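Comments concern the structure below.
These numbers come from a predicted model, not from an experiment. Counting convention: from 1, in listed order, for ligands and their atoms alike.
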Amino acid sequence: MSNRILHKGLKAKVMSADAAAALIPNGATIGMSGFTGAGYPKAVPMSLAKRALDEKLSGKPLRFNVLTGASTGPEQDTMMSFVDAQRFRFPYQGDAVTREKINTGVMEYQDMHLSHAGSLVRHGHYGKVHFAVIEVTKILEDGTAIPSSSCGNNNVYLECAEKIILEVNEWQDERLEGMHDIISVSSVHGERQPIPIMTADDRKGSKYWKFDVSKVVAVVETSNPDRNAPFKAPEEIHKKIAGHIMDFFQGEVKAGRVSKHLTPLQSGVGNIANAVLVGLNEGPFEQMISYTEVVQDGMLDMLDSGKLKAASATAFSVSPEGQVRFNKNIDRYRKQIILRPQEISNNPEIIRRLGCIAMNGFVEADIYGHINSTHIAGKGIENGIGGSGDFARNSAYTIFMSPATAKDGKISAIVPFATHIDHTEHDVHGVVTEYGFADLRMRSPKEKAKEIIDKCAAPEYRPLLWDYVKRAMKNPSAGLQSPHMFSEAFGFHTNYLATGDMRKKPGK
Ligand code: COA
């Protein structure tokens, strides 16, 4: 038995993952740890999946409502979705098998702002949380636990669940101790106090998870890695997008609207976000700080170079090489990185107080600046809104970025009308593609359309978009604030569905 379980009572609760999973009845609502492939339980979900498969073969479906922080990993989302063990999933996913089950109607998914998810559960909107299954690094003598590589909604699930199962993962470095700052907000409406985070690197909470030890029914020992995806070097297109963002901020510094330290950075994950971090690391800005959701490789680079003073997040999302570097330098990173529960890392109060810079990807943007972050052709889910809404609504600068086209140019990311709107034009200050940066500030919707089409759309789509706008403007009876033609607003999408190319009309 590992020396990571120091509490005597909890040591006596050690059992196999299969035995722990057997305690969870069909239909239970389970709050699991996990955020962007970090800190999710790796053994109990696999055992639940195995059990669900056995039951399925004997004709008895075994299905659960699974609440997490955000995306998890193959042992949880892929395996449980594969055997249809997830009836309902909340508040975010990014898994191919789960996506397929959702989009084929086998599984229900509620996509939710990540800062809101915990509060909603705490207030009972999701019914009883029967079990919390939470990965930790170590259980201490006093019955508290050192969190692992993500915080997510763990505090909420530990507080609300009727029963708790802990996975103690020896793969997680014990020297994570001290990196976390756990603040829980009140569950009573009207009793919430101001959250005392005044700067991105403030620490005002506890280093440990605190929970009612008597609720723990099982402790499972594991030694499995997080889902650390390999890092891809930025491609030319991503570098161009990053370059436009750098130019924009240099202009802001020159205009005196922001200092060369910028304001706290929030950056989504993925190739464009990493390219932006590379650009920031090589650019003229100094002594930056980040208040974001996820620490990725690009942020480790910036911490190493000294360009970034500190990073506040709720989880890691690093490559295998990034993990090696992280473990090697963990004593320094512990002073520079703070992991917080997601209701704090994504909290609107703090984001607005700090005046963050939000930079996130989009699926499609329309000519008036409405953003679709989640749905392909308005119907199928890609991942989810994640924290993009938390940061978009409340940041000082809100920028959305994407390549101008997808699928070899057959899809334009700039469309007449977004088929699903996650962020309205009121939240969006800038849209950027490899062609340029559309600055939407102090512009009416019609002026935004000119900026977006001329700066961001791929050249082959610009005449089609202008044709749409000009004809829509000829119909003043419909109103000229945001001119549209309902009969053609989704023409790009219907073309694509009929011909496989947004530029080609059926029969042409
Ligand atoms: N129509 C159809 N498919 C599209 C598309 C469009 N308009 N735009 C992108 N796609 C497809 C791509 O072709 C790709 O498909 P593939 O996996 O089959 O190759 C897939 O969607 C992902 O696109 P990609 O260009 O690789 O983008 P990405 O990895 O940068 O992700 C989002 C872009 C929008 C999906 C991603 O940023 C996201 O999920 N955002 C919402 C959550 C968020 O912002 N989180 C951070 C908040 S803190």
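- Counting only heavy atoms, the protein never gets under 4.0 Å from atom 23 (O) of ligand 1.
- When only modelled atom types and interatomic distance are considered, S319 and R325 share no side-chain donor-acceptor pair under 3.5 Å.
- At a heavy-atom cutoff of 4.0 Å, ligand 1 is contacted by the backbone of F362 but not by its side chain.
- Atom 44 (O) of ligand 1 has its closest protein heavy atom at S388 CB, 3.3 Å.
- Between Q76 and D95, the side chains place no donor N or O within less than 3.5 Å of an acceptor N or O (distance only, hydrogens not considered).
- At a cut-off of 3.5 Å, with distance as the only test, no side-chain donor of S187 or H123 sits close to an acceptor on the other residue.
- When only non-hydrogen protein atoms are considered, atom 42 (C) of ligand 1 lies nearest to G384 O, 3.1 Å.
- Salt-bridge check for R89 with E108: failed, with every basic side-chain N at 4.0 Å or more from each acidic carboxylate O.
- Side chain to side chain, H493 and E364 meet the donor-acceptor criterion of an N or O pair below 3.5 Å.
- From the protein, the heavy atom lying nearest to atom 13 (O) of ligand 1 is K407 NZ, 3.1 Å.
- Of the protein's non-hydrogen atoms, G361 CA, 3.7 Å is the one closest to atom 37 (O) of ligand 1.
- With no hydrogens or angles considered, no side-chain donor-acceptor pair links H244 and Y435 at under 3.5 Å.
- Remark: atom 28 (P) of ligand 1 lies closer than 4.0 Å to no protein heavy atom.
- In terms of protein heavy atoms, atom 4 (C) of ligand 1 is closest to I376 CD1, 3.6 Å.
- At under 3.5 Å, a nitrogen or oxygen of N383, whether backbone or side chain, sits near a nitrogen or oxygen of ligand 1.
- Of all atoms in ligand 1, listed by their number and element, those nearer than 4.0 Å to a heavy atom of I385 are 42 (C), 43 (C).
- Under the 3.5 Å distance criterion, with hydrogens and angles disregarded, no donor-acceptor pair is assigned to the side chains of N372 and H370.
- For atom 31 (O) of ligand 1, no protein heavy-atom neighbour is found at a distance under 4.0 Å.
- Side-chain atoms of N346 and S115 form no donor-acceptor pair, as typed in the model, at a separation below 3.5 Å.
- With salt bridges taken as basic N to acidic carboxylate O contacts below 4.0 Å, one links R471 and E488.
- Residues F35 and V294 share a closest heavy-atom pair of CE2-CG2, 3.8 Å.
- Considering only non-hydrogen protein atoms, atom 46 (C) of ligand 1 sits nearest to N360 OD1, 3.4 Å.
- Atom 17 (O) of ligand 1 has its closest protein heavy atom at E382 OE2, 4.6 Å.
- For ligand 1, the polar-atom distance check finds an N/O of V363 within less than 3.5 Å of one of the ligand's N/O atoms.
- Within ligand 1, the atoms closer than 4.0 Å to a non-hydrogen atom of I411 are 1 (N), 2 (C), 6 (C), 7 (N), numbered from 1 in the order shown.
- The single protein non-hydrogen atom nearest to atom 40 (N) of ligand 1 is S373 O, 3.8 Å, given as residue, atom name and distance.
- Side chains of D427 and T398: a donor-acceptor N/O pair is absent below 3.5 angstrom, by distance only.
- Atoms of ligand 1 lying under 4.0 Å from at least one heavy atom of Q266, given by number and element, are 47 (C), 48 (S).
- The protein reaches atom 7 (N) of ligand 1 closely, with a heavy atom under 4.0 angstrom from it.
- In this structure, G387 is part of the shell of residues with a heavy atom less than 4.0 angstrom from ligand 1.
- Test D297, I337, V295 against F326 for side-chain contact (heavy atoms from CB on, under 4.5 Å) and you get one pass: I337.
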